[in-house]
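Start at 1 and go down the list; that is how both ligands and their atoms are numbered.
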Amino acid sequence: MTTKFGPSGISDSFYEDGYKSSIDYPMWLQKMGLELYEYSFGRGINLKEETAIKIGEMAKKYGIQLSIHAPYYINFASEDENIVQKSIEYLKKSSYFAKIMGADRVVFHPGSSAKIERKRAFKNCKNGIYNAINELIKDGLYPDIMICPETMGKQNQIGTLDEILEICEFDDKIVPTIDFGHIHALGRGALNSVEDFEFIINKVEDKLGKDRVNDLHCHFSRIEWTNAGEKKHWTLDDDDYGPEFDDLAVVLVKRDLSVRIICESRKNMAEDALKLERIYIDTLNALKKKY
Ligand SMILES: [Zn+2]
């Protein structure tokens with residue numbers, strides 16, 4: 001079994017168990033039986049370098065592979081040179097922290113097309129991201145740290161599956177982050193069957209080739225949506241909302257994929273990551289003979 005699971009962020013129960021510092025989180029995750037942890041700089045990079053290094057040491061000690069989520073304010077779609085330059089700086093700083101923490105991937109949201117024609121916004125995004133890569137190379141951060149643009153859940157955000165795959169065609173160290181909740185929300189409840197998930201995997205394979213499907217970075221959570229797209233992330237128990245991980249698990253097993261699955265449930269993301277892992281293992285055992 002090589003598909004791995006872990007949370008984005010820290011579960012409430014970690015603090016309820018009496019822990020106070022995120023330095024202890026990798027140990028706690030390992031005890032739970034998880035193997036990944038996505039550290040979020042979504043609301044800004046406010047972590048001290050020495051703390052980052054300690055989290056990295058603990059992650060290594062306890063066999064937890066780290067990834068980083070870059071700040072949400074990145075916007076490579078902007079026409080404002082200042083905003084694009086700041087976005088490059090956020091990606092650089094996130095990648096620097098990834099390096100000192102021993103993380104190998106930086107997830108980011110490409111940008112927003114709110115005020116600009118979409119085609120133009122997308123072109124800006126590609127240019128901005130490729131310029132950022134040149135700077136990351138100069139700083140010795142790329143390609144050791146892979147950058148992972150994410151499929152987004154709102155209409156006015158750049159990041160449809162097609163757009164993300166097109167960005168990733170440029171180089172094989174640009175790894176797609178497939179956020180299944182976002183794809184479900186953007187498509188107004190698009191993911192309802194094994195075939196719906198398989199359609200996505202096929203698309204990745206067609207565009208990027210079979211080998212790169214196994215590099216996939218995935219986000220999963222149940223999600224509430226409106227006509228504008230994503231509204232709110234929920235937990236696995238909130239089964240009024242889709243999509244269903246069981247369907248994705250069948251595809252992962254059937255295609256023998258080894259991807260990374262980061263659970264983005266609210267509040268109990270680590271517990272839910274473990275539930276996803278169990279669904280995956282059950283599916284693996286049930287279908288082993290069949291495929
Ligand atoms: Zn994200």
Does atom NZ (Lys275) have a neighbourhood of more than 12 heavy atoms from anything else shown, all under 6.0 Å?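 Yes, enclosed.
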Positive for side chain to side chain donor-acceptor pair (under 3.5 Å) with Glu38, one of His69, His217, Gln65: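 Result for side chain to side chain donor-acceptor pair (under 3.5 Å) with Glu38: His217.
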Excluding waters, which protein N, O or S atoms are within less than 2.8 Å of the Zn ion (ligand 1)?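 Result, waters dropped: His69 NE2, His109 NE2, Glu150 OE1, Glu150 OE2.
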Flag the pair Tyr25 / Phe14 as yes when their ring centroid distance falls below 6.0 Å, and as no otherwise.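 Close enough - the centres of the two rings lie under 6.0 Å apart.
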Non-neighbouring partners of Lys231 that pass side-chain contact (heavy atoms from CB on, under 4.5 Å), sequence neighbours left out: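 Scan of Lys231 (side-chain contact (heavy atoms from CB on, under 4.5 Å), adjacent residues dropped) gives Glu224, Thr226.
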Which residues, ordered by chain and number, are linked to Leu36 in its hydrophobic cluster, where ILVMFWY side chains connect at heavy-atom gaps below 4.5 Å, directly or through other members?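 Other cluster members: Ile262.
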What donor-acceptor contacts under 3.5 angstrom involve side-chain atoms of residues 81-90, with partners at least two apart or in another chain?
unit_1: Ser87; atom_1: OG; unit_2: Asn75; atom_2: N; d: 2.9
unit_1: Ser87; atom_1: OG; unit_2: Ile83; atom_2: O; d: 2.8

